[in-house]
Amino acid sequence: MATERYNAREVEARWQKIWNDKDVFVTHNDDPRDKYYVLEMFPYPSGRIHMGHVRNYAMGDVVARFKRAKGFNVLHPMGWDAFGMPAENAAMQNKVHPKDWTYDNIATMREQLKIMGLSLDWSREFATCDVGYYTQQQRLFLKFLEAGLVYRKNAKVNWDPVDMTVLANEQVIDGRGWRSGALVEQRELTQWFFRISDYSEDLLEAIDTLDRWPDKVRLMQKNWIGKSEGLRVRFEFTETAPTGDRALEIFTTRPDTLFGASFMGLSPDHPISAKLAESNPELKGFIEECHRVGTSEEAIEKAEKKGIDTGLRVRHPLDASLELPVYVANFILMDYGTGAIFACPAHDQRDLDFARKYGLPVKPVVLPKDADPQSFDVGSEAFTDDGTIFNSGVLDGLSISDAKQAVAKKLESVKLDGAPQAERQVNYRLRDWGISRQRYWGCPIPVVHCDACGVVPEKDGNLPVQLPDDIDFDKPGNPLDRHPTWRETACPSCGKPARRETDTMDTFVDSSWYFARFTAPDCDQPTDRDAANGWLPVDQYIGGVEHAILHLLYSRFFTRAMQKVEALDLKEPFKGLFTQGMVTHETYRDGDGANGRWVAPSEIRIEDGDNTRRAVLLETGDEVSIGAIEKMSKSKKNTVDPTDIIDTYGADTARWFMLSDSPPERDVIWTEDGVQGAWRFVQRVWRLVGDIAEKTEPRGGRPPEVSGKALDLRRTNHKTLDAVSSDLENLGFNRAVARLYELVNATSKVFNDGMADAGADYAVREAADFLVQMMAPMMPHLAEECWSVLGHDNLISEASWPQADPDLLVDDSIVYPVQVNGKRRGELTIAKEASKEEVEAATLELDFVRKALDGSAPKKLIVVPQRIVNVVV
RNA sequence: GCGGGCGUGGAGAAAUUUGGUAAACUCAGCAGACUUAAAAUCUGCCGGCUUCGGCCUUGCGGGUUCAAGUCCCGCCGCCCGCACCA
C-alpha cells in the first residue's frame with residue numbers, strides 16, 4: 001500500500017505527449033467507421049481561456065472521448081473566431097497591430113487548451129483571420145453574389161457612434177450597441193445584405209425537424225422569424241393623396257375586426273407623411289420629434305401614443321358610407337407590413353390608447369363568451385381574446401377565424417382601380433442580414449467600384465483581396481478608407497483604375513460556415529463537397545445560449561445558401577444542440593458593501609466557523625463583505641484563472657469539478673471547497689486502483705463463480721456501466737459523476753472488508769477496470785495512468801467501451817416497497833419471478849399489513865410488478 | 001405587455017423519460033479514530049416533530065388517482081427571451 005500521492009502535473013504532461021506523438025486524436029476523412037462530429041463553439045481569442053471555456057470544452061471532450069470509445073470515427077476540431085473589434089481596440093489603446101495581438105492571444109490560448117488534455121484534432125486548426133480561410137470566404141461571397149443571395153441597397157442602418165460602425169438589428173440590444181453599449185443612431189448608408197429573408201418560411205418550418213435542440217432555442221428562433229398571416233387591404237381615399245395615391249394600403253392580421261375600424265394610422269416615415277410634411281409645419285415638427293425619441297426600450301415604454309390628423313379621409317371597404325380619418329401616429333413602424341394600419345381600438349390596446357386620447361370612436365365587434373351585446377364595453381382595456389363577431393353586419397355571429405376568411409374572400413373579389421382590394425399576405429419579422437462593417441479587422445468584401453462599370457465583383461483569379469498590414473489607428477472610423485494606396489485597383493471588367501470596397505464583413509459571417517471548413521480545412525475551394533456531406537451535420541454542438549438566435553440562425557441560413565451554390569448538400573448544420581449554463585462565483589467587496597471596491601477570490605481567504613462564514617483579505621486580515629453569486633466577469637473581479645487551478649490540482653480535477661453537481665444546462669457555482677472535493681476524489685481513486693492492482697490479478701478468460709458481496713459488487717459494476725453509458729449519451733454528466741462516486745464507495749467497502757467471498761478478487765478488479773474506463777472521458781490523464789497500473793498495455797483513449805452483461809443487471813429477488821393507503825409502511829423481499837398472486841399472498845402475511853387490516857379484507861390490493869405494492873384499507 | 005422556464009434539506013442536487021420507497025451523490029457542519037500536534041486518511045451522524053409506537057415534509061391553495069415532487073386548475077415568488085410587429 002505504498003502508493004505515492006498522485007502527481008497530476010507530471011502525469012498529465014506525460015500522457016499529453018504520448019497522445020500527441022502517436023497522433024491519437026487525428027481524424028481521417030477516409031476512415032470507414034460511422035462518423036460522429038462533435039463541436040464546441042470556437043472561442044474568440046480575447047487573451048486567455050476563462051472558466052466558461054473550460055466547462056464548454058470539458059463537456060465536448062467527454063462526448064468526443066465517449067463516442068470514440070463507442071467505435072465512432074470522431075471529428076473534434078478547434079479553431080479561432082479571430083476577426084473583430086477588440087483587436088482594433090487593442091491596437092488603438094496599446095499601439096499593437098491587430099494581427100499580432102490576435103495571433104499572440106491564439107498562441108497563449110492554444111497552450112492553455114492543450115494543458116486541459118482535450119482530445120482535439122489540432123491538425124485541422126485554423127483562425128478565421130488566416131488568409132487561407134478568408135480567401136475561401138470571399139470565394140463563397142462571390143458565389144452567393146452570383147446566385148442572387150447578396151445585394152446592395154441604400155438603407156437606414158443602426159449606427160454605433162462609439163465603434164463607428166453599422167450594426168445588424170440583432171446586434172442592437174435595448175437600443176444600444178451590443179458591444180459598445182452606446183445609444184444607436186439611424187443613418188442612411190449603402191450596405192451589403194444577405195437575403196436571409198428569402199428563407200424565412202424554410203427556416204421556420206425546419207425548426208420542427210430540429211428535435212435534438214432545446215425547446216427554448218427553437219421557440220426563440222420561431223419568435224425571431226415572427227411569422228404572421230394576414231390581409232393587405234387598400235382603403236380608397238376620398239380625394240387623391242398629395243403623393244398621387246388613390247388608396248392607402250395597410251396590413252392587418254385582424255380583418256375580422258374591420259367593422260370596428262375607427263381611424264387609419266401612418267408611420268411618421270411613411271411616404272405620404274413625408275409628402276404632407278412638406279406643406280404642414282406642425283406635422284413636420286411632429287415627425288422630427290418622433291425621430292428624436294429613438295427606439296430604446298425605455299423610450300418606447302414611456303412614449304405616449306401620439307399623432308396628428310392629416311385631414312385625409314378614406315372610405316371603409318365594407319361600408320362605403322363610412323369615412324375614416326387618417327392620422328400620422330408615433331407607434332407605427334415603417335419597416336413592418338406597409339407602414340400603415342387600420343385601427344380597431346376595441347380590440348387592440350395601442351389603438352385604444354390612441355382613440356381615448358383623441359376622442360375617436362371605440363366600437364366593439366368581438367363579443368366575449370356570455371357577455372351582453374347591449375352593455376358590453378371595453379373600458380380602458382382592449383379585448384383581444386376569443387369571442388363572437390357582432391356589430392358587424394353580414395359577419396355577425398361568426399367566429400373570429402370564420403370572419404377573417406369571410407372578409408378575405410369578399411375583398412379579394414372586389415376590384416379597386418382594376419386590382420383586387422385585398423390580398424392574403426404572410427409577413428415575417430425577419431429582415432435581411434446587413435453584413436457591411438466599416439472596420440479594418442474583418443474579411444474584405446471582394447468587390448470593386450468602377451466609374452464606368454459600377455459595382456463589379458472581383459475576379460476569382462484575383463483572390464484573395466488581402467488586408468494590408470501597414471495600417472494606422474490614429475483616428476476612429478475605418479482605417480481601410482484612409483489607407484493611402486490599398487483602395488486603388490484595376491476594374492476587373494474594363495481594366496481602368498477603380499476603387500476597392502472598403503467595407504469588411506460582419507464577423508458573424510466568419511462563424512456561419514467554419515463547421516463546414518473543418519471537414520476539409522486545406523481545400524482550395526470553400527468546401528470539399530464529399531468531406532462536408534460526409535461529416536455534416538454536426539452531431540453534437542455545444543455552446544452558450546447567448547448564441548441562440550444570431551449565430552445559429554445565420555449558420556442555418558448559410559448552410560442553405562451553400563447548398564444553393566453547391567458547396568455542400570444539406571440544409572441543417574447542427575443535428576444536436578446543447579446550451580450549457582454559465583460559471584458563477586461569489587463576489588466580494590471591500591469596505592462598506594455596495595460602495596466598496598470589488599475584491600478577487602485570489603485576494604481573500606474564507607473562514608468557516610460554527611455557524612459563521614466570513615471572508616478576510618489575505619494581506620491585511622480585514623473582513624470583506626460576501627456578495628451575490630454572479631457570472632464570472634472581469635468587472636466584478638469574481639474570476640478564477642483556469643491555469644492557476646490546473647497548476648495546483650491538474651486538468652482532471654478542474655474537468656471533474658466542472659462536470660459534477662450542477663446539471664450542465666444550469667449555472668454552476670465555482671467554489672474552492674468543491675474543487676478540493678474533486679481533488680480528494682482523484683487521490684482516492686488513485687489509491688484504490690493502486691491497491692487493487694497490487695492485491696489482485698488482472699482479469700482474463702471466463703468470469704469465475706461469484707457469491708455474496710462479490711456477486712453484489714459485480715452487479716453494481718454492470719448496473720453502473722449501464723447507467724453511466726446512458727447518462728453520457730444524454731449529456732447527464734452530473735449523474736454519471738454521482739454514480740462513479742457510488743461505485744468507488746461500494747468497491748472500497750468490499751476491498752477493505754477483506755474480500756472474503758468467492759470471486760471477490762475478480763469483482764474488485766472488474767470494478768477498477770470499469771471505473772477507470774467510465775471516468776476516462778472526464779478525467780483522461782488519471783484514467784490512462786490507472787489503466788497502465790492495472791496492467792493494460794493499450795491506451796485507454798483507444799480502448800473500446802465495455803459491454804454490460806444483461807444477466808448482471810437484474811437481481812434474484814426484489815424488494816417491494818409496501819404502501820398502506822398510499823403511504824410506505826414497510827417492504828417485502830420476494831423472488832424476482834414470484835407471480836402476482838404470490839406477491840399478494842406474501843403481502844397479506846406481513847405484520848404491519850395485518851395490523852392495518854385488523855382482520856378485515858383489503859378494499860383493494862394493487863401490485864405493480866417489479867415496482868410496488870399498495871394495500872387499500 | 002407577450003412567450004418560455006423554474007421553485008425539493010444549511011448549499012449544489014437526485015428521483016421528473018414511464019405517476020410507484022422523496023432527499024442518492026458531493027460540499028459544508030457535528031462527533032469520534034489515528035497523530036505530540038496539524039494536514040491527510042478512516043468511521044458515524046446530518047429535513048422537521050416525537051410520548052420512540054410513530055407522525056409530518058417537495059413555494060401556497062384546490063383537484064384527478066389505489067398512489068402526485070411528477071398530471072390538471074388557481075395563486076405567490078424568482079429567472080430567461082422578445083418587445084409599439086398591426
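In what follows, chains are A, B, ... by sequence order, proteins preceding strands, each numbered from 1. Heavy atoms only: backbone and side chains are in, while hydrogens, waters and symmetry mates are out. Please read these numbers as outputs of a predicted model, since none were measured by experiment.
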side-chain N/O [X] vs [N] OP1/OP2, d < 4.0 Å:
X      : N     : result
A:R680 : B:C27 : yes
A:N734 : B:U26 : no
A:S228 : B:A86 : yes
A:R735 : B:A15 : yes
A:N745 : B:U26 : yes

Does [X] have its ring centroid less than 6.0 Å away from the ring centroid of [Y]?
X      : Y      : value
A:F354 : A:Y327 : yes
A:F259 : A:H316 : yes
A:W670 : A:F657 : yes

Determine which nucleotide pairs with [N], using a 3.5 Å limit on both distances of a Watson-Crick or G-U wobble pair.
N     : value
B:G1  : B:C82
B:A22 : none
B:U8  : none
B:C75 : B:G59
B:G29 : B:C45
B:A14 : none

Where does B:G53 land, syn or anti, once you apply the within-90°-of-0 test for syn?
-> syn

Base orientation of B:G9, chi within 90° of 0 counted as syn, else anti, reads syn

Distance only, no hydrogens: is a donor on one side chain within 3.5 Å (strictly under) of an acceptor on the other, for A:R684 and A:N745?
-> yes

Between A:T584 and A:D667, is any side-chain donor less than 3.5 angstrom from a side-chain acceptor?
->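 No, no side-chain donor-acceptor pair sits under 3.5 Å.
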
For [X] and [N], what is the distance between atoms [atom1] and [atom2] respectively, to the nearest whole Å?
X      : N     : atom1 : atom2 : result
A:W224 : B:A83 : CH2   : C1'   : 10 Å
A:I207 : B:G3  : CD1   : C1'   : 14 Å
A:D385 : B:G1  : CG    : P     : 14 Å
A:R5   : B:A40 : CZ    : P     : 9 Å
A:Y6   : B:U41 : OH    : P     : 17 Å

For the [atom1] atoms, the ones on [N] and on [M], what distance do you get once it is rounded to whole angstrom?
N     : M     : atom1 : value
B:G29 : B:C6  : C1'   : 28 Å
B:G12 : B:G4  : C1'   : 24 Å
B:U35 : B:A40 : C1'   : 11 Å
B:G61 : B:C76 : C1'   : 10 Å

Would you mind classifying the nucleic acid contact of A:T253 as base, sugar-phosphate or nothing, using non-hydrogen atoms under 4.0 angstrom?
->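 Result for A:T253 = sugar-phosphate.
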
For A:G674, which contact category applies under a 4.0 Å heavy-atom criterion: base, sugar-phosphate, or nothing?
-> nothing

Which nucleotide sits closest to the side chain of [X]: [options]?
X      : options             : result
A:R687 : B:U41, B:U21, B:G20 : B:U41
A:I862 : B:G12, B:C82, B:G20 : B:G20
A:Y741 : B:C80, B:A86, B:U26 : B:U26
A:L219 : B:G3, B:U21, B:C66  : B:G3
A:D661 : B:A86, B:G3, B:G12  : B:G12
A:R429 : B:G12, B:A86, B:A83 : B:A83
A:I868 : B:G20, B:A86, B:G3  : B:G20
A:E742 : B:G20, B:C25, B:A22 : B:C25
A:I669 : B:A28, B:G12, B:G20 : B:G12

Toward the 5' end of RNA chain B, which comes first, A:G337 or A:N223, by nearest nucleotide?
->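 Going by which nucleotide is closer to the 5' end, it is A:N223.
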
Map A:V668 and A:V815 onto RNA chain B by nearest heavy atom, then report which one ends up closer to the 5' terminus.
-> A:V668

Do A:D673 side-chain and B:C27 base share a donor-acceptor contact under 3.5 Å?
->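 No.
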
So, does the side chain of A:K305 form a donor-acceptor pair with the base of B:C84 at under 3.5 Å?
-> yes

Should A:R739 and A:D727 count as an ion pair when the cut-off is N to O under 4.0 Å?
-> yes

Charged N to carboxylate O below 4.0 Å: is that the case for A:R218 and A:D215?
->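 Looking at A:D215 together with A:R218, the answer is yes, because their closest N to O distance falls below 4.0 Å.
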
Any side-chain heavy-atom pair of A:Q676 and A:Y649 under 4.5 Å =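 Answer yes - side chains close enough.
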
